[in-house]
Amino acid sequence: MKAAMSSLSAFGDSSIQTPPKARIRQGCHSAGPNTSGDHINLVSSSMPSFPILQRSSEEKILCSDRLTLERQKLTVCPIIDGEEHLRLLNFQHNFITRIQNISNLQRLIFLDLYDNQIEEISGLSTLRSLRVLLLGKNRIKKISNLENLKNLDVLDLHGNQITKIENVNHLCDLRVLNLARNLLSHADNLNGLDSLTELNLRHNQITFVRDVDNLPSLQRLFLSFNNISSFDSVSCLADSTSLSDITFDGNPIAQESWYKHTVLQNMTQLRQLDMKRITEEERRMASVVAKKEEEKKRESQKQILLKEKKRLTIDNVARHWDLQQRVANNAPNQDRKDSASPHQDPCQMEGSTISPFPEDTGAVDSGLTSALQGLSVIDTHLVEVDGDTLSLYGSGALESLDRNWSVQTAGMITTVSFTFIEFDEIVQVLPKLKIKFPNPLHLKFKETNLVMLQQFNALAQLRRIDQLTVDPQGNPVVSFTLWKYYVLFRLSHFSMQKINGTEVTQNDTIMAERLFGILAHVASSELPQYRLISILGDARKKQFQYLLETKGKKPVIVNEENNDSKRLVGENTNRATLNYTTREFYNEKLEDIKEKKKFCKMYIEDLMKEATEINMKHEALQKLWPQMFIELVRDAVIEIHNKNSYMKLCLQQITDQK
């Protein structure tokens with residue numbers, strides 16, 4: 001018995017070695033030809049299907065409690081009479097298909113049916129004393145009919161076709177269970193096996209393990225050569241306090257760099273891993289690595305939360321943008337269409353529903369799950385710096401350009417992306433963008449309401465643009481056939497390299513000049529000089545003034561370089577007349593014009609009123625003047641009629657004034 005259980009330990013994929021077989025004398029049935037010198041006979045019985053086993057008295061005395069019938073080519077179990085005292089019965093290496101004719105052996109403790117052709121566990125209900133049952137290397141598909149074997153100590157079912165662990169929960173005294181080399185896909189339903197110390201599940205197809213933490217006595221667990229790919233699928237092992245030996249070799253998990261450290265960190269009670277004793281140095285290294293992994297996990301969870309918050313914020317910005325567009329466009333037809341169609345989740349964008357959690361979160365712990373579930377975002381804008389890209393979502397994000405950006409960060413930004421922002425609002429911050437970020441080479445516009453070619457004129461005020469990307473979504477201007485050529489013409493001073501990811505060729509530049517060159521010439525020739533000067537910058541004002549001053553002078557000989565320079569200045573001047581005024585600025589200008597008109601009107605009215613009063617006074621004076629003149633002359637003649645009296649009166653007035 002001890003030898004049997006010892007051989008089952010560790011790997012246990014082969015049968016238990018039983019005592020040497022007794023000499024057998026073959027009968028006339030399925031046991032084969034007779035062999036001289038044997039003391040056991042298998043003779044025909046009244047039942048034609050079963051032979052009867054007979055032993056000599058000497059053999060019974062020699063092996064009174066055991067019987068070995070291995071390698072006898074048996075296809076059925078023989079009838080064993082008069083052997084009720086048997087405790088060990090060995091049928092190894094035969095061709096038996098069914099367990100039968102042993103119900104009378106009620107003292108049997110050890111039954112070995114290894115390497116036969118048995119398809120079902122049966123015929124054991126009366127063997128209540130059975131302690132060891134070896135059914136390895138048979139054709140059994142299901143664990144069944146073990147209800148009465150409550151004293152079972154060892155159950156070996158390796159090398160069968162079992163797909164599920166079942167009907168063993170009542171075996172509370174079972175210490176060894178061998179299910180190696182079966183077809184198990186998972187290990188569970190092990191509750192009730194309170195005495196189990198060794199469980200062999202090698203060479204199956206197991207992907208996850210459960211209930212092992214409910215086995216209080218389990219010490220050795222063999223999971224070699226299965227399909228376990230993550231520690232989460234066997235996380236219950238970490239809760240086992242009795243487990244000391246375990247094997248994972250031959251599993252995908254064993255190929256991972258973190259495998260050994262993770263196992264040792266989570267299963268501190270282990271003494272052996274993959275049949276190798278664990279050293280203190282390995283435990284120390286596992287602890288160090290575990291701390292690093294924990295920090296990495298926290299950082300990963302932080303990134304997941306940030307990513308989810310970003311997703312929710314962008315979704316919120318998208319909803320506000322959609323609502324804003326509906327209100328701005330006042331589209332009743334669209335509203336009727338929406339009311340007639342099934343309700344769509346507001347999180348649906350571009351025809352796909354955004355999942356409540358990010359796809360790459362994988363197996364997250366409960367803390368992260370609750371954090372994700374409780375994440376609520378009310379922000380209507382988002383500013384994100386990712387490497388050399390500044391992404392702005394929502395009009396509120398434009399306020400970030402007023403921040404005190406560090407020189408290093410600002411200098412690193414080469415790509416600026418605008419999403420869910422009105423282009424007219426973007427135009428207002430382009431001067432800030434030019435000052436804050438000196439090196440933007442690539443501009444991206446998505447859902448910005450670019451609806452006409454004239455809007456591209458506003459980009460001319462930037463310092464430099466190498467690439468321009470205008471997403472068709474939310475930018476109807478992209479549907480215009482010639483929009484790229486207009487961009488190349490109006491922004492020719494940038495010498496752009498790519499538009500919407502397509503390289504700009506010299507032919508494209510020539511075609512743009514041919515298509516829109518006359519437009520700029522007409523625009524500049526129709527504007528008055530004061531209007532042109534107000535449009536141009538300071539440097540161009542001087543150049544333009546120079547052109548005006550030299551227009552009437554005699555031609556002089558100049559070199560070709562100066563001619564080219566003047567030609568370039570003329571082209572830039574022509575293009576500069578193609579500017580863009582935002583609706584808001586235009587409305588403000590209209591208001592300003594109205595205010596000026598109102599002021600001018602009031603001023604003119606006041607002047608006219610004052611002039612009318614003056615004229616009326618003048619007319620009244622003209623009518624009164626003749627009579628006034630006569631009275632003045634009369635008064636003067638009367639005053640100077642007496643010269644002496646008049647002189648005294650004047651002297652008196654002078655004296656009084658002093």
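This is a predicted model, so every value here is computed, not measured. Side chains are part of it too, since the values below use all heavy atoms of this structure and drop only hydrogens, waters and symmetry mates. When a residue number appears, it is its place in the shown sequence, counting from 1.
The closest donor-acceptor contact from the side chain of Asn204 to the backbone of Leu184 lies under 3.5 Å. Asp188 contributes no side-chain N or O that, together with a main-chain N or O of Arg210, makes up a donor-acceptor pair within less than 3.5 Å. Here the side chain of Gln461 pairs a donor or acceptor atom with the backbone of Ala458 at under 3.5 angstrom. The closest donor-acceptor contact from the side chain of Asn475 to the backbone of Thr448 lies under 3.5 Å. Proximity of a side-chain donor or acceptor of Lys484 to a complementary backbone N or O of Val504 within less than 3.5 Å is not detected. Thr409 places no side-chain N or O within 3.5 Å of a backbone atom of Ser406 that could act as its donor or acceptor partner.
Salt bridge Asp402/Lys432: present, at least one basic N to carboxylate O contact under 4.0 Å.
For the atom pair Ser230 OG and Glu256 CD, the distance stands at 9.5 Å (nearest 0.5 Å). Taking CG from Leu430 and CG from Leu398, the interatomic distance works out to 9.5 Å, rounded to the nearest 0.5 Å. A distance of 10.0 Å separates NZ in Lys297 from CD1 in Ile304, rounded to the nearest 0.5 Å. In this structure, Asn226 CG and Ile206 CD1 are separated by 4.5 Å, a value rounded to the nearest 0.5 Å. Expressed to the nearest 0.5 Å, how far CG of Asn191 lies from CG of Asn214 amounts to 4.5 Å. With rounding to the nearest 0.5 angstrom, the CG atom of Asn316 is 5.0 Å from the NE2 atom of His320.
With hydrogens and angles left out, the side-chain atoms of His442 and Thr469 include a donor and acceptor closer than 3.5 Å. Side-chain atoms of Thr207 and Asn227 include no donor-acceptor pair closer than 3.5 Å. Side-chain polar atoms of Tyr486 and Asn457 form a donor-acceptor pair below 3.5 angstrom. Between Gln497 and Gln467, the side chains place no donor N or O within less than 3.5 Å of an acceptor N or O (distance only, hydrogens not considered). A donor-acceptor pair shorter than 3.5 Å can be found between the side chains of Glu422 and Asn449. Looking only at atom types and distance, the side chain of Asp508 has a donor-acceptor partner in the side chain of Thr505 under 3.5 Å away.
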Evaluation steps, salt bridge (charged side-chain N to carboxylate O under 4.0 Å, His left out), between Glu308 and Arg311: CA-CA 5 Å; Glu308 178 66 2; Arg311 185 192 67 80; 2.6 Å; yes
Would you please test Asp315 and Arg319 for salt bridge (charged side-chain N to carboxylate O under 4.0 Å, His left out) and show each step? CA-CA 6 Å; Asp315 182 41; Arg319 288 198 298 270; 2.6 Å; yes
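Considering every non-hydrogen atom in both Ala410 and Pro438, the closest pair reads O-CD, 4.0 Å. Between Ser400 and Leu392, the shortest heavy-atom distance links the atoms OG-CD2, 3.7 Å. Looking at every heavy atom in both residues, Val477 comes nearest to Val451 through CB-C, 4.0 Å.
Below 30°, between 30° and 60°, or above 60°: for His186 and Phe208 the angle between ring planes is below 30°, a parallel geometry. Note: Phe437 and Trp405 have perpendicular aromatic rings, judged against thresholds of 30 and 60 degrees for the angle between ring planes. Note: Phe420 and Trp321 have tilted aromatic rings, judged against thresholds of 30 and 60 degrees for the angle between ring planes.
Side-chain contact between Thr313 and Tyr393 is absent, with no heavy-atom pair separated by less than 4.5 Å.
The number of heavy atoms from other shown groups lying within 6.0 Å of CD (Gln303) is above 12.
Here the rule is side-chain contact (heavy atoms from CB on, under 4.5 Å) with Asn169, and of Asn189, Asp211, Leu190 only Asn189 fits it. For the pairing with Asp388, the side-chain hydrogen bond (donor to acceptor under 3.5 Å, both in side chains) check across Asn439, Thr414, Thr415 returns one residue only, Thr414.
With sequence neighbours excluded, no residue satisfies salt bridge (Lys or Arg N to Asp or Glu O under 4.0 Å) with Asp606.
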